[in-house]
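Report on one structure; see the data block that follows.
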Amino acid sequence: MSQPSSSAEQYDGQSGRSRYRPQEIEPKWQRFWLDHKTFKVEVDLQKPKYYILDMFPYPSGTGLHVGHPEGYTATDIIARYKRMRGFNVLHPMGWDAFGLPAEQYAIETGTHPRDTTARNIGTFRRQIQSLGFSYDWDREISTCNPDYYRWTQWIFLKLYERGLAYMAEVPVNWCPVLGTVLSNEEVIDGKSERGGHEVIRKPMLQWMLRITNYAERLLAGLDQIDWPDSVKEMQRNWIGRSEGARIRFHLCTPEGARFSEGDAFFDVFTTRPDTLFGATYCVLAPEHPLVDRVTTAAQRDAVEAYRQEAARKSDLARTDLVKEKTGVDTGGYVLNPATGTPIPIWVADYVLITYGTGAIMAVPSGDQRDWEFARRFDLPIIEVVKGGDIGKEAYVGEGPHVNSGFLDRLNVADAKKKMTAWLKEHGHGEGTVTYKLRDWLFSRQRYWGEPFPVIHVDGQPYPLSANDLPLVLPEVESFRPTGTGEPPLAAVREWVETVAPGTGKPALRETNTMPQWAGSCWYFLRFVDANNAERPWDTDKERYWMPVDLYVGGVEHAVLHLLYSRFWHHVLYDCGLVSTPEPFQRLVNQGMILGFSYRYYEDAAGNCYSFHQVQKIVQDGAEEPTYVLAARPDVALTVRYAPVEQVRWKDEKPYHPEEAELELEPQQDKMSKSRGNVVNPDAVVAEYGADALRCYEMFMGPLEQVKPWNTRSVAGVSRFLARVWSLLIGDTGEVRPQVSDEPADRQAHLTRQYHKKIKKVSEDLDGMRFNTALSALMEFVNEAQKAERLPRALAEGLVLALAPFAPHLAEELWQRLGHADTLAYAPWPTYDPELVKDETLTVAVQVNGKLRATIEIAAEADQAATLAAARGHEKVQLHLEGKTVRREVVIPGKLVNFVVT
RNA sequence: GCCGGGAUGGCGGAAUAGGCAGACGCAGUGGACUCAAAAUCCACCGCCCCGCAAAGGCGUGCGAGUUCGACUCUCGCUCCCGGCACCA
């Protein structure tokens, strides 16, 4: 590998001085890395592998913001570090390219989503490459490419074969304005996540994936992986396992005579079967199929009215935060299997049709919701566990059972066991487990997604053969949904109408497409063998590279993407197609980068006010506060933002760009266009360079932490890089004479510092503590600047240690130091443990726990010598004078404490 | 309401097997270089008391506790951020 020349381009003709010029060296090295495919990898059984992955970006039209490079820089640093440590590093990048925004843009402008997406990918790629990330670009993939989605369809067929994909008529979130069905995740407060349009519920025949079959394994798998506890906890909550019992209740007359029909019953799920003796009524969800059956003629109108109201309420989602329970008596009765007495059946919307069986047994003494409901409607409350005051609230704690027949005097755990056994024995029910997790609605009424490899013959779905893949998206006249709920693909008759292979019967193609999650559920597998035209991936390559050793991305994917892709991976594992059940061994979430925004307020007439004049009003239950003029609370105000680059500064305070006296209120907010606080990485690169941006993003604070962007601090990091440059390179562009070829003096202060800092940087990189690693490098550079000579070995070690953080600068310096090869695979600098130890130690001397002096002692000084030195210090003597020493605490090499009275 | 995370100078943050709080950087102040400015370099930079300094006192959200010693451990609060919200 030969390198481009480092010539006079660095030489500043005007001042005659060579300076650190990132704008010149960065494109040079980026070109070099691409031209030489420096980061291309293949399977190498001689080397340990390391698979390091960034979460798949969606290439939006707005390009990168400074949040993207945070995670990408972290992974790039680890990738470069691991290469220097001798690992074979797989570090790929690609595009989650299907998705609604390109389709929305197509509807508005007629531009094909393919073209929009290609353009956006171009922008993303250019921006990412301008930051010097060490991706293997030969593995770049895009989910909207038929060579890729062919295999997404292939995996769908695997799911179908295993009975994990099925069609069901389900009420879906239908958004008339977008003309599409949205997933629950895309609906926020009853409005579409994108655009804020109204969403209503509408039944539709949909593809579903049976993720619930894997609930138990998805839960168990969490124990095997190294993820943040908070993310594991979120997944556990999302899966929502609860253990209890299914209990059968038989319909009966008000007098308790059991109906004879075989289907005159419903099941409830309860986690507290031990409280069955306290069940004084049952509640059905409004949507429960048995509601009509149990409702008496007298109650029919009331029940029907309530059901309609409840249906409307769910359309408005949960904006109605009324805490008070509502419900209606159906007039029907069931037998309590434990007591044999009839209890009434009610309908109430606090029971959810989507959880458990959609019906509950209500135990007002043991469940606060049931208690509130019973109080409201004057239903009986019977104590079954002693210990609380059921006149005031439900008691959920531990205690002996009472009023419970054969359970009396038992504790909760034993009573649960005994009741569960009793239920089974008498045919009233059995122990069971329920999950909150629902099956995954996998259809979208959109154009820009993977077509399902399915045809319908006589109303029955049939999968295509794997040989017929990819089933390519046809061209359409219009991207607009048909408006009836039928997807755009339904309009392409010549594509939709086909014949069944074999029988030749007329058939219709499936016109739904897959959701965006589909492509991102397995992309990490395609990366191991991205260009394989025969198979989705080669199993030997999969076995070598998988699992992903380090996966970095935003916490917003904590549940959905990470749960869905784990689900697919478990299925592929069961198919024998992958070698590990879990795809991502270690997960790290980077914290969001906030931007400073500058607020002021405006009234309806267009008058502007500073935050000093404004009062904030937070109403109970309201999500957003409202603002009024402090002097005139009847004047409602709207929040406005001054764009960050237009803010004027006066005496350290921000002011409005036009209104001279209008002081702005600085706030840290999530970056967004509307707040005018978005920082574009292109601008930062243009001014300070990619290395400075990378280093700043790492220097801001711990990776996982939320932190505010401060452009002024970028300049500080940029100065550090310039100091490294001028430490090694003189005015002429040549290596400074101070960088001497004589071997480093082992005893020299600078040598010892060097070994300490290399140790610190190595350990911090292992622990992904990038901010403190950079601090250590800065400290070394500060020391080296003071020294008269810098031995070459130390200079080279510094360059290598800096390389993962500021690779362009490091490559340039490495070249000028006389190396012909890239430093990407140079061995990571080592340290000598002997030189890391201090010769003398600074020991703190305390009297009664207060610091009074510090003393320098030899590293090998024993306890007695330390104590003597401490006593000898004049300040210490001053504080010991006239006192009795009760105790002497000596922590070797650290501290001495005299306890005196 | 529940679950998870957090609170340290003017700002971002350092410091955990309990042992010198404020590393490193930003901002600020003073100085050097310069005709001047920028850049660069040097010094100072938690708060209070104080003419200055020394000496002293106070300081890691609040209140207790354990300990010779607590940013760090225990208990009880407050506030902030993220997630889920009638999950039987």
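In what follows, every heavy atom counts, from backbone to side chain, and hydrogens, waters and symmetry copies are set aside. Naming: A, B, ... by sequence-line order, numbering from 1 per chain. Given the structure is predicted, the values throughout are model-derived calculations rather than measurements.
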Could you check whether [Y] and [X], counting side-chain N and O atoms only, form a donor-acceptor pair closer than 3.5 Å?
{"X": "Thr275(A)", "Y": "Arg272(A)", "result": "no"}
{"X": "Glu856(A)", "Y": "Thr842(A)", "result": "yes"}
{"X": "Asp439(A)", "Y": "Thr212(A)", "result": "yes"}

Does [N] have a Watson-Crick or wobble partner in any strand here, with both distances under 3.5 angstrom, and which is it?
{"N": "U40(B)", "answer": "A32(B)"}
{"N": "C84(B)", "answer": "G1(B)"}
{"N": "C24(B)", "answer": "G12(B)"}
{"N": "C75(B)", "answer": "G63(B)"}
{"N": "G19(B)", "answer": "C68(B)"}
{"N": "G56(B)", "answer": "C48(B)"}

Quick one: [X] [atom1] to [N] [atom2], roughly how many Å, whole number?
{"X": "Asp731(A)", "N": "U40(B)", "atom1": "CG", "atom2": "P", "value": "15 Å"}
{"X": "Leu851(A)", "N": "A15(B)", "atom1": "CG", "atom2": "C1'", "value": "15 Å"}
{"X": "Arg236(A)", "N": "C84(B)", "atom1": "CZ", "atom2": "P", "value": "17 Å"}
{"X": "Gln368(A)", "N": "C87(B)", "atom1": "CD", "atom2": "P", "value": "11 Å"}
{"X": "Arg438(A)", "N": "C84(B)", "atom1": "CZ", "atom2": "P", "value": "17 Å"}
{"X": "Arg723(A)", "N": "C24(B)", "atom1": "CZ", "atom2": "P", "value": "11 Å"}
{"X": "Leu562(A)", "N": "G4(B)", "atom1": "CG", "atom2": "P", "value": "19 Å"}
{"X": "Ile239(A)", "N": "C84(B)", "atom1": "CD1", "atom2": "C1'", "value": "14 Å"}

Please classify the nucleic acid contact of [X] as base, sugar-phosphate, or nothing, using heavy-atom distances under 4.0 Å.
{"X": "Lys894(A)", "result": "sugar-phosphate"}
{"X": "Pro228(A)", "result": "nothing"}
{"X": "Val843(A)", "result": "nothing"}
{"X": "Gly240(A)", "result": "nothing"}

**OP:** Return the 5'-most residue of the pair Tyr355(A), Met234(A) with respect to RNA chain B, ranking by each residue's nearest nucleotide.
**Re:** Met234(A)

Original post:
For RNA chain B, whose closest nucleotide is more 5', that of Ser242(A) or that of Met592(A)?
Top reply: Met592(A)

Using the [atom1] atoms only, state how far [M] lies from [N], rounded to an integer number of Å.
{"N": "U40(B)", "M": "G22(B)", "atom1": "P", "answer": "27 Å"}
{"N": "A27(B)", "M": "G63(B)", "atom1": "C1'", "answer": "35 Å"}
{"N": "A15(B)", "M": "C2(B)", "atom1": "C1'", "answer": "34 Å"}
{"N": "G59(B)", "M": "G4(B)", "atom1": "C1'", "answer": "30 Å"}
{"N": "C26(B)", "M": "C44(B)", "atom1": "P", "answer": "16 Å"}
{"N": "G46(B)", "M": "U8(B)", "atom1": "C1'", "answer": "10 Å"}
{"N": "G6(B)", "M": "A14(B)", "atom1": "P", "answer": "12 Å"}
{"N": "C42(B)", "M": "G51(B)", "atom1": "P", "answer": "35 Å"}

Subject >> Distance-only donor-acceptor test, Lys325(A) side-chain atoms vs C86(B) base atoms, 3.5 Å >> reply: yes

Original post:
Where does G9(B) land, syn or anti, once you apply the within-90°-of-0 test for syn?
Top reply: syn

Give a yes or no on whether the ring-centroid distance for [X] and [Y] is below 6.0 angstrom.
{"X": "Phe373(A)", "Y": "Tyr281(A)", "result": "yes"}
{"X": "Tyr754(A)", "Y": "Phe780(A)", "result": "yes"}
{"X": "Phe596(A)", "Y": "Trp709(A)", "result": "no"}

Using 30° and 60° as the class limits, which term best fits the ring planes of [X] and [Y]: parallel, tilted or perpendicular?
{"X": "Tyr355(A)", "Y": "Phe269(A)", "value": "perpendicular"}
{"X": "His557(A)", "Y": "His561(A)", "value": "perpendicular"}
{"X": "Tyr20(A)", "Y": "Trp725(A)", "value": "tilted"}

Given [options], which nucleotide is nearest the side-chain atoms of [X]?
{"X": "Ala844(A)", "options": "C20(B), C41(B), A88(B)", "answer": "C20(B)"}
{"X": "Asn897(A)", "options": "G19(B), G13(B), G83(B)", "answer": "G19(B)"}
{"X": "Glu233(A)", "options": "G4(B), C86(B), A88(B)", "answer": "G4(B)"}
{"X": "Asn782(A)", "options": "C24(B), G19(B), C86(B)", "answer": "C24(B)"}

Original post:
Is Lys759(A) paired with Glu763(A) through a side-chain N to carboxylate O contact shorter than 4.0 Å?
Top reply: yes

Original post:
Should the pair Asp267(A)-Arg246(A) be classified as a salt bridge under the 4.0 Å nitrogen-to-oxygen rule?
Top reply: yes

**OP:** Could you identify which residues of residues 763-780 of chain A place a heavy atom less than 4.0 Å from some atom of RNA chain B, listed by residue number, or say none?
**Re:** Asn771(A), Thr772(A), Ser775(A), Met778(A), Glu779(A)

**OP:** Indicate yes or no for a side-chain donor-acceptor contact from Asp669(A) to the backbone of Met671(A) under 3.5 Å, with no hydrogens or angles considered.
**Re:** no

Please tell me if [X] has a side-chain N or O lying less than 4.0 Å from either OP1 or OP2 of [N].
{"X": "Arg712(A)", "N": "C26(B)", "result": "no"}
{"X": "Asn589(A)", "N": "G5(B)", "result": "no"}
{"X": "Arg719(A)", "N": "C24(B)", "result": "no"}
{"X": "Arg246(A)", "N": "A88(B)", "result": "no"}

Original post:
What distance separates Ile891(A) CD1 from Thr866(A) OG1, expressed to the nearest 0.5 Å?
Top reply: 11.5 Å

Subject >> Ring-face cation contact, Tyr350(A) with Lys325(A), 6.0 Å cut, 45° max >> reply: yes

Heteroatom pairs (N/O) under 3.5 angstrom, protein to nucleotides 56-59 of chain B:
| unit_1 | atom_1 | unit_2 | atom_2 | d |
| --- | --- | --- | --- | --- |
| G57(B) | OP2 | Arg852(A) | NH1 | 3.4 |

Original post:
Testing Gln590(A), Lys707(A), Arg694(A) for side chain to side chain donor-acceptor pair (under 3.5 Å) with Glu70(A), which one passes?
Top reply: Lys707(A)

Review item, nucleotides 6-12 of chain B N/O atoms under 3.5 Å of protein N/O:
| unit_1 | atom_1 | unit_2 | atom_2 | d |
| --- | --- | --- | --- | --- |
| G12(B) | O2' | Met700(A) | O | 2.6 |

Original post:
For Arg675(A) and Ser672(A), what are the C-alpha separation, side-chain angles and deciding distance, and is it a side chain to side chain donor-acceptor pair (under 3.5 Å)?
Top reply: CA-CA 5 Å; Arg675(A) 294 192 188 91; Ser672(A) 76; 3.3 Å; yes

